[in-house]
**Q** 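Supplied in structure tokens, the structure appears directly below.
Reckoned from all heavy atoms, side chains included, excluding hydrogens, waters and symmetry mates. Source: prediction; values computed, not measured.
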Amino acid sequence: MLKEFRDFIAKGNVMDMAIGVVMATAFTAIVNSLVEDIIMPIVAFFTGSTDFTDIVLQIGNTKLMVGNFIQSIVSFLIIALVLFFVMKGVATLKNTFMKEEKVDDEEEEAKPSQEEILLTEIRDLLKNK
């Protein structure tokens, strides 16, 4: 059973997933900092505040914390927008590099290999005899 567990942990999928979780955690810190430290101050400049948590709807003795919900929606939308632009940029870079690699591969395929050149020369020499 221990051997099976060790084999399971050592598989590439589990290790890839663990690396993905760690990278996602680090990336989350970057995105949160971008939203809180750069984008929200810009929003505050235009709206006067970035804190909507003070908005409360009182119904009888019950308080509905509408501001917390609005705050969550605004944060989600800004984070989603930032991630959209990041992913769009990554896709653009990936497409750019993939096109360059395809062009390089096509150029290499168009050129005959050393073996083909030598075989062609040998064929031509045999034809001329």
Side-chain angles (χ1 to χ4, degrees):
M1 196 157 148
L2 286 174
K3 182 183 180 301
E4 289 178 27
F5 179 71
R6 185 190 71 213
D7 293 342
F8 172 74
I9 293 297
K11 281 185 183 178
N13 293 342
V14 174
M15 297 304 282
D16 292 343
M17 186 174 66
I19 291 169
V21 168
V22 171
M23 291 299 293
T25 303
F27 190 68
T28 299
I30 292 170
V31 171
N32 286 338
S33 176
L34 176 66
V35 169
E36 292 171 11
D37 300 332
I38 296 175
I39 295 175
M40 289 308 276
I42 295 170
V43 171
F45 177 77
F46 291 108
T47 63
S49 175
T50 59
D51 187 16
F52 302 107
T53 57
D54 295 337
I55 301 172
V56 177
L57 183 62
Q58 182 92 24
I59 301 176
N61 292 336
T62 305
K63 289 183 178 181
L64 298 177
M65 307 301 275
V66 177
N68 287 339
F69 183 67
I70 293 171
Q71 186 76 30
S72 296
I73 290 173
V74 169
S75 293
F76 171 78
L77 291 175
I78 292 172
I79 290 170
L81 184 67
V82 168
L83 288 176
F84 171 76
F85 285 125
V86 167
M87 295 307 294
K88 190 99 167 137
V90 168
T92 301
L93 287 174
K94 185 176 178 181
N95 288 338
T96 301
F97 288 121
M98 294 300 282
K99 286 179 184 175
E100 289 176 6
E101 288 178 8
K102 286 181 183 178
V103 169
D104 291 343
D105 290 344
E106 290 172 359
E107 288 176 2
E108 288 178 13
E109 289 177 7
K111 296 178 185 177
S113 68
Q114 278 298 101
E115 292 174 346
E116 290 175 324
I117 294 171
L118 288 173
L119 288 171
T120 304
E121 289 176 3
I122 292 171
R123 183 196 65 203
D124 293 343
L125 287 172
L126 288 172
K127 278 184 182 179
N128 291 336
K129 282 189 173 185

**Q** Partners of Ile30 by side chain to side chain contact (heavy atoms under 4.5 Å, CB included), sequence neighbours excluded?
**A**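 Side chain to side chain contact (heavy atoms under 4.5 Å, CB included) list for Ile30, sorted by chain: empty.
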**Q** Out of curiosity, Asp37 CG to Asn32 CG, how far, rounded to the nearest 0.5 Å?
**A**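 Separation between the atoms: 9.5 Å.
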**Q** Using distance only, find each side-chain donor-acceptor pair of residues 120-128 under 3.5 Å and give its atom names and separation, not counting sequence neighbours.
**A**
from   : atom 1 : to     : atom 2 : distance (Å)
Thr120 : OG1    : Glu116 : O      : 2.6
Asn128 : ND2    : Asp124 : O      : 3.2

**Q** Can you confirm whether Ile117 sits close enough to Gln114 that some side-chain heavy atom of one is under 4.5 Å from a side-chain heavy atom of the other?
**A**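 Result yes, sub-4.5 Å side-chain heavy-atom pair found.
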**Q** According to a hydrophobic-cluster definition based on side-chain heavy atoms being under 4.5 Å apart (Ile, Leu, Val, Met, Phe, Trp, Tyr only), do Ile55 and Ile59 belong together?
**A**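 Yes, Ile55 and Ile59 fall within the same hydrophobic cluster.
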**Q** Could you state the interatomic distance from CG (Leu2) to CD (Glu4), rounded to the nearest 0.5 Å?
**A**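 Between atom CG of Leu2 and atom CD of Glu4 there are 9.5 Å.
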**Q** Measuring only between side-chain heavy atoms, which start at C-beta, is Leu57 closer than 4.5 Å to Lys63?
**A**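 No; the side chains remain at least 4.5 Å from each other.
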**Q** Are Leu81 and Ile70 grouped together when hydrophobic residues (ILVMFWY) are joined by side-chain heavy atoms under 4.5 angstrom apart?
**A**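 No: no chain of side-chain contacts under 4.5 Å links Leu81 to Ile70.
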**Q** Are Leu77 and Ile38 grouped together when hydrophobic residues (ILVMFWY) are joined by side-chain heavy atoms under 4.5 angstrom apart?
**A**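 Leu77 and Ile38: separate clusters.
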**Q** Between the side chain of Gln58 and the main-chain N/O of Gly60, is any donor-acceptor distance below 3.5 Å?
**A**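 Checked: pair present.
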**Q** Suppose we screen for salt bridge (Lys or Arg N to Asp or Glu O under 4.0 Å). Which residues come up paired with Lys3, at least two apart in sequence or across chains?
**A**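 So Lys3 forms a salt bridge (Lys or Arg N to Asp or Glu O under 4.0 Å) with Asp7.
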**Q** In this structure, would Phe27 and Ile39 fall into the same cluster of hydrophobic residues linked by side-chain contacts under 4.5 Å?
**A**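 Both belong to a single hydrophobic cluster.
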**Q** Checking the side chain of Ser33 only, and the main-chain atoms of Ala29 only, is there a donor and an acceptor separated by less than 3.5 Å?
**A**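 Such a contact is absent between Ser33 side chain and Ala29 backbone.
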**Q** Taking a hydrophobic cluster as the set of Ile, Leu, Val, Met, Phe, Trp and Tyr residues connected by side-chain heavy atoms closer than 4.5 Å, whether directly or through intermediates, do Val31 and Phe76 fall within one such cluster?
**A**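 No, it is not one cluster - the side chains of Val31 and Phe76 are not joined through contacts under 4.5 Å.
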